[in-house]
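One structure is given below, encoded as C-alpha cells.
Side chains included, hydrogens not; waters and symmetry mates left out as well; all remaining heavy atoms used.
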Protein chains: 2
Amino acid sequence: MKTPAQAPKGETLSKARLRVWLKLLKSVNGIETEIRRNLRDRHGTTLPRFDVMSALARFPDGLKMSDLSTYLKVSNGNVTGIVDKLTEEGLALRVAVPEDRRAQMARLTAKGRAAFEELAQHHEDWINTLLDGLTARDVEALSAHLDIILDRHMDEDGRDAQ
Amino acid sequence: MKTPAQAPKGETLSKARLRVWLKLLKSVNGIETEIRRNLRDRHGTTLPRFDVMSALARFPDGLKMSDLSTYLKVSNGNVTGIVDKLTEEGLALRVAVPEDRRAQMARLTAKGRAAFEELAQHHEDWINTLLDGLTARDVEALSAHLDIILDRHMDEDGRDAQ
DNA sequence: TCAAATTGTTTTAAGCTTGAAATTTTAGGG
DNA sequence: CCCTAAAATTTCAAGCTTAAAACAATTTGA
C-alpha cells in the first residue's frame, strides 16, 4: 500500500487539484525547455518558428495570417513578426488573396517544407524520449484525464468556456 | 467499447506520445492564460510576480537572490527585475547577508505577505474551478502519470537528467 | 451611393525572459 | 600577502509576446 509522498491524507480536493496543477506546470515547462534547447542548439531555430511551420505544413495551400494566429492562439502581431522572419530565411512566403486585397496567405516554400520535415521527425523523437516512461496504456489514461480538463473549460477554439 | 476519437488504431507509441504532449501543452496553456488574465484583471499583477511572492512566502526568513532564481528555474537577471518591482511596490525588500557582502536576501514585507495571502486563496479557487471536472481519484491518477514523466527526465533540481 | 461598421493586417509600446558581459566580493593556493 | 579563480548579483542586448492604435479594404444598410 503505497501512497504518493506529497498527498496528505486529509487533503481537501481543492488542495489536491492545486498540487496536480503545479505538477502539470512543472512537467510541461521541463519538456518545453528541453525542446527549445534542442531547437536552438541542434537546428538554430525557435519554438514559435517551429509552431508556425507546423501549422503551415498542415495546410499546403497556405493560411490567412488571421487564421494562423487563431489556430496558434497567439496575437496577430506576433505571427506577423514570425512570418516575416521565416520569409527572410526563404522558408515561407506570402501570397495575395485575389478576392480580398486586405488578406494574405502565408505558405511554406519548398525549402520550408523540407526543413520542417526534418524538424518534425526530430521533434517527435525528442518527445518520444522525454515521454518514454509512458506506456500505450498510460498515454490513453493521461489523455482521457486531459480531455476532462479541456472539455470542461477549453472549447474547440481553445478559448475558455463561459 | 469506446475508443478516443483521435486515437487511430494502428498508431505507433511514438505518435501517441506526441499527441498526448500536444494535449498536455494545450491544457497547461489554456489554464495559464486564464490565471494570467485573472491576476491582471482582478488583482493588477502578473504571474511572474505571483510566483516570486509564492516562493518568498514559503521562506519567511527570505531567500538569496540566486536561490530564488534556482527555485523558480528562471535566470538571475529575471528575478532581479521582478524583485525590483515588488520592492518599488512595497511588497518585498532586500536585506544584506552579514557574512557575505555579495549576497542579499529577498523577503516579503508585511504588506507583501498580506497581499500574497489574498492572491493565494483566489489562485487556489481559480484552479479548483478550472479542474472541477477531476475527482479525487482522477487527481491521483493524473498525478501518478506526471510523476512518471518527472521522475524519468526532471530531477529534483528540475534540470533534465542526462 | 455613401457613410459607418467591420475585417485583415501591420506597427508600436511595454513587459517578460534569456544568455552573456560586467561588477563586486570571497576563497584558495603559492 | 598577492594573485587567480569562483561566486553573487546586476546590467545589457536581443528576441518573444501582447494589447492597442493605425491603416487599408470590404461589407452593410439607409
Verify the contact: side-chain N or O of B/Lys85 to OP1 or OP2 of C/dG15, cut-off strictly under 4.0 Å; return yes or no. no
message = Side-chain N or O of A/Arg101 versus OP1/OP2 of D/dT26: is the shortest distance under 4.0 Å?
response = yes
Side chain to side chain contact (heavy atoms under 4.5 Å, CB included) test vs A/Ile148 passes for just one of B/Leu131, B/Asp132, B/Leu134, namely B/Leu134
Expected string for nucleotides 1-14 of chain C under the B/S/- scheme (protein heavy atoms, under 4.0 Å, primed atoms plus P, OP1, OP2 as sugar-phosphate) is ------BSBBB---
Worksheet item: Does one side chain, of B/Glu124 or B/Asn128, offer a donor that lies under 3.5 Å from an acceptor on the other?
Response: no
request  = Verify whether the ring centers belonging to A/Trp126 and A/His43 lie closer than 6.0 Å.
outcome  = yes
(message) Measuring to OP1 and OP2 of D/dC16, would you say a side-chain N or O of A/Thr46 lies under 4.0 angstrom away?
(response) yes
Rounded to whole Å, CG of B/Leu39 lies from C1' of D/dT18 at a distance of 16 Å
note: A/Leu47, atom CG; D/dC16, atom P; distance rounded to Å ~ 11 Å
Problem set entry | A/Arg36 side-chain N/O to A/Thr46 backbone N/O, donor-acceptor pair under 3.5 Å | no
In whole angstroms, the gap separating P of C/dC16 from CG of B/Leu86 amounts to 10 Å
Here the distance between atom C1' of D/dT17 and atom CG of A/Leu68, to the nearest Å, is 15 Å
Rounded to whole Å, CZ of B/Phe50 lies from C1' of C/dC16 at a distance of 18 Å
query = Does any non-hydrogen side-chain atom of B/Met105 lie less than 4.5 Å from one of B/Met65?
reply = no
When B/Leu56, B/Val74, B/Leu72 are each screened for side chain to side chain contact (heavy atoms under 4.5 Å, CB included) with B/Asp51, the one that passes is B/Leu72
Between CG of B/Leu72 and C1' of C/dC16 the distance, given in whole Å, is 14 Å
Between CZ of B/Arg40 and C1' of D/dA20 the distance, given in whole Å, is 12 Å
Here the distance between atom C1' of C/dT17 and atom CG of A/Asn29, to the nearest Å, is 13 Å
Of all heavy-atom pairs linking A/Lys23 and B/Ser143, the shortest is NZ-OG, 2.9 Å
